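Throughout, residue positions are numbered sequentially from 1 according to the sequence presented. Here the structure is a predicted model, which means the values were calculated and not measured.
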Amino acid sequence: PRMIQTWTFDVSTYPNKGLAKLVFGPQVRRVLACADLITTDGEALAEYVTSHYPRISAPIVPVRWGIDTNEIDDSRKTADFRKEHQIPEHAPLVVSGRGIDRVYRPKIALSALARLLDEDDEAYVVVLTLGHAVEDKVKELLDRIREHSRGRVFDTFLPRKEIVAIWLAADITVSIPQTDGISEGLLEAMYAGAIPVVSDIPSNRTFLKDRVNGYFVSGSDQN
């Protein structure tokens, strides 16, 4: 039996965007057509696969990812990201931790974070690029944040210990991709205590309610 685990971008983005769809589209449709069972990261992606790949006959089972809560709990008393990076204990800290790949709409997120630094004299901003390729406009925004006294930009993958320390220090986490499954990083940040500011997409609506346990935002890709 063939069990296929889907990844959000592999079924919703790469097969449908630009010239890449000429390669990824047929590959994805062929693989899904051969499956005896398909799993998805959450209910929203299961609905997407069902509606966008109507020729699939295999059952589709949504399976939400989990997180290692012990890893976060064990670090609550020892992690001190703020002290290590000269961020006052009570200063508002906003973290953009999904990287700067185009699908995460970095121009929108980074523009807003740069404005926040300019307009709020207390807020601090942390950006994780995750080593993604940098477009010229995105580089300008990253440099603007990096050069600000209250901006922190990390250009490489960080050890798990440091990621957990960032989540524990964060007050707000920003995640505004065009499409997504159930983000493990977002769940980790929320469990650590950060308030999520997220894109209004189906997957986020399955576990968040606007202005109850998070905030939904929208933005134009032209910004």
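With Asn16 contributing its side chain and Ser12 its backbone, the two residues share a donor-acceptor pair below 3.5 Å. Here the side chain of Asp200 pairs no donor or acceptor atom with the backbone of Val217 at under 3.5 angstrom. Between the side chain of Asp101 and the backbone N or O of Tyr104, no donor-acceptor pair lies under 3.5 Å. Distance alone, capped at 3.5 Å, is enough to place a donor-acceptor pair between the Asn213 side chain and the Lys209 backbone. Side-chain atoms of Asp41 never come within 3.5 Å of backbone atoms of Gly181 as a donor-acceptor pair (strictly under, hydrogens ignored). Using a distance-only test at 3.5 Å, with no hydrogens or angles considered, a donor-acceptor pair links the side chain of Ser51 to the main chain of Tyr48. A donor-acceptor contact shorter than 3.5 Å links the side chain of Gln86 to the backbone of Glu84.
Checked for salt-bridge contact, Asp180 and Arg98 meet the test: a charged N lies under 4.0 Å from a carboxylate O. One finds a salt bridge joining Glu135 and Lys107 here, because a Lys/Arg side-chain nitrogen approaches an Asp/Glu carboxylate oxygen to under 4.0 Å. The residues Asp143 and Arg146 are annotated as salt-bridged, a charged nitrogen and a carboxylate oxygen being separated by less than 4.0 angstrom. Salt bridge Glu89/Lys83: absent, no basic N to carboxylate O contact under 4.0 Å.
Here the two rings, on His148 and Tyr124, have centers that are 6.0 Å apart or farther.
The aromatic rings of His85 and Phe154 sit perpendicular, their planes meeting at an angle over 60°, well past the 30° parallel limit.
Atom CZ of Arg205 is separated from atom CD1 of Ile201 by 8.0 Å, given to the nearest 0.5 angstrom. With values rounded to the nearest 0.5 angstrom, Ser203 atom OG is found 11.0 Å from Glu47 atom CD.
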Side-chain donor-acceptor pairs of residues 162-172 under 3.5 Å, sequence neighbours excluded:
from   : atom 1 : to     : atom 2 : distance (Å)
Trp167 : NE1    : Glu188 : OE1    : 3.1
Asp171 : OD2    : Arg82  : NH2    : 2.9
Asp171 : OD2    : Leu93  : N      : 2.8

Using atom types as modelled, flag every donor-acceptor pair under 3.5 Å from a side chain in residues 21-37 to any protein atom, sequence neighbours excluded.
from  : atom 1 : to   : atom 2 : distance (Å)
Asp36 : OD2    : Arg2 : N      : 2.7

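No side-chain donor from either of Thr40 and Thr6 sits under 3.5 Å from a side-chain acceptor of the other.
Linking Ile, Leu, Val, Met, Phe, Trp and Tyr whenever their side-chain heavy atoms come within less than 4.5 Å puts Ile108 and Leu110 in one cluster.
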Check your understanding: So His132 and Phe157, ring pair (Phe, Tyr, Trp, His ring centres under 6.0 Å) or not? Walk me through it.
Key -> CA-CA 10 Å; His132 292 157; Phe157 282 101; 7.3 Å; no
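Taking the side-chain hydrogen bond (donor to acceptor under 3.5 Å, both in side chains) definition, one finds that Asp118 meets it with Arg144, sequence neighbours left out.
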